[in-house]
Amino acid sequence: MTFSAMGPVIATYLGADRFAEVKPLHWVDSKDAPVRRVFAYAQLKGGVIAPRWGYSFDFVPHLVAGKMQWHRTEKSAIFDAFIDGQSAELNLSYMWGEQGLLEGMTPRLSNAVRQAQDFWQLGRQATSVYDQVVALSNRPGAGMYTQLPVAAAFCHALSGREEDARRAMAAYVVGSPSVHVTARISIAGRWRSGCSPMRPWSQCRPTGRTRIP
């Protein structure tokens, strides 16, 4: 069994009526766009793959080769904020062989999907998606995830926490490699007017320039 052959099995656990496999080991649920739920397996060393789950936001830009771009479609969705499920309990491995995967995949996959669904469900209840992203950005080591600081800034802004949004965006700019500072400043200059808390998600399309936070 190859990892590509595992796709239909994983889709069944996720819910094929909602999640589309947009590329190998990468599924996206766009039913609630512009907030998209993403589940994927990241390939690690030694033939190991580890699950991760989280959100892709149409209203949060990203950088490619120092240029600002958007991911506003199902196929272009990326992780803006996610849980890294890498662990001995959830990882899968080529080293097990076909029979080992058949025997070991089901409980690990079921566990990973259950944790992902619990995470997404929390965003629909007392804790909003915005607050989930902010909480992730406050975790130790969160700075290693390049999209998380800018996603947190936009989520603060959409929640009406302007000063927190400014601080998060400032940290995003200051903490960037020098080669990308100009591009990140461009993002910072657009976030506020286009994503004010008075506008719904569907209208959140950052445009225009404002002062850098």
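By convention here, the first residue in the shown sequence is residue 1.
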Practice task
Could you walk me through whether Cys155 and Phe57 pass side chain to side chain contact (heavy atoms under 4.5 Å, CB included), step by step?
Solution key: CA-CA 10 Å; Cys155 288; Phe57 300 119; 4.3 Å; yes
Practice task
Find out whether Asp29 and Phe39 are in side-chain contact, i.e. whether some heavy atom of one side chain is under 4.5 Å from a heavy atom of the other.
Solution key: no
Practice task
Answer yes or no: is there a donor N or O on one side and an acceptor on the other, between the side chain of Arg108 and the main chain of Ala88, under 3.5 Å?
Solution key: yes
Handout entry: Co-membership, hydrophobic cluster, residues Val35 and Ile78, 4.5 Å side-chain
Key = no
Exercise for the section: Ignoring hydrogens and angles, tell me if any N or O in the side chain of Gln147 forms a donor-acceptor pair with the backbone of Ala151 under 3.5 Å. Expected result: no
Handout entry: Side-chain heavy atoms of His156 within contact of Val134, under 4.5 Å
Key = yes
Practice task
Calculate, to the nearest 0.5 Å, the distance between atoms CG and CD1 belonging to Leu25 and Ile49 respectively.
Solution key: 5.0 Å
Problem - Beyond-backbone contact of Trp53 with Asp84, side-chain heavy atoms, under 4.5 angstrom - result: no
Exercise for the section: Kindly assign one of parallel, tilted or perpendicular to the pair Phe82 and Tyr145, based on the angle between their ring planes and the thresholds 30° and 60°. Expected result: perpendicular
Exercise for the section: Begin with the C-alpha distance, continue with both residues' side-chain angles, and end with the deciding distance and a verdict on side chain to side chain contact (heavy atoms under 4.5 Å, CB included) for Gln117 and Val113. Expected result: CA-CA 6 Å; Gln117 291 174 338; Val113 171; 3.6 Å; yes
Problem - Salt bridge Asp131-Arg161, side-chain N to carboxylate O under 4.0 Å - result: yes
Practice task
Could you tell me whether Phe79 and Trp27 have their ring centroids closer than 6.0 angstrom?
Solution key: no
Practice task
Answer yes or no: is there a side-chain heavy-atom contact under 4.5 Å between Asn111 and Leu90?
Solution key: yes
Fill in the blank from the handout: The residue among Val28, Val38, Thr73 that forms side-chain contact (heavy atoms from CB on, under 4.5 Å) with Val22 is Val28
Handout entry: Qualifying residue, where the test is side chain to side chain donor-acceptor pair (under 3.5 Å) with Asp58 and the options are Arg36, His71, Arg72
Key = Arg36
Practice task
For Asp80 and Tyr55, run side chain to side chain contact (heavy atoms under 4.5 Å, CB included): C-alpha distance rounded to whole Å, both residues' side-chain angles, the deciding distance at 0.1 Å, then the answer.
Solution key: CA-CA 6 Å; Asp80 287 309; Tyr55 300 108; 5.7 Å; no
Exercise for the section: Walk me through it: do Met169 and Val150 pass the test side chain to side chain contact (heavy atoms under 4.5 Å, CB included)? Expected result: CA-CA 6 Å; Met169 189 59 77; Val150 68; 3.9 Å; yes
Exercise for the section: Over all heavy atoms of both residues, which pair between Leu148 and Ser137 is shortest? Give the atoms and the distance, please. Expected result: CD2-CA, 3.6 Å
Practice task
Evaluate the side-chain proximity of Leu109 to Tyr41: yes if any heavy-atom separation is below 4.5 Å, no if none is.
Solution key: yes
Exercise for the section: Would you check if the side chain of Thr12 reaches a backbone N or O of Pro8 as a donor-acceptor pair within less than 3.5 Å? Expected result: yes
Practice task
Determine the minimum heavy-atom distance between Trp120 and Gly54, stating which atoms define it.
Solution key: NE1-O, 3.1 Å
Practice task
Could you tell me whether the side chain of Arg37 reaches within less than 4.5 Å of the side chain of Leu14, counting heavy atoms only?
Solution key: no
Problem - Closest non-hydrogen atom pair between Gly46 and Ser93, with its separation - result: O-OG, 4.1 Å
Problem - Taking every non-hydrogen atom, the tightest pair across Ala165 and Ala153 - result: CB-O, 3.4 Å
Problem - Min side-chain heavy-atom separation His26-Glu21 under 4.5 Å - result: no
Exercise for the section: Would you check if Met105 and Val9 make a side-chain contact, meaning some heavy-atom pair closer than 4.5 Å? Expected result: yes
Problem - Salt bridge flag under 4.0 Å for residues Asp32 and Arg18 - result: yes
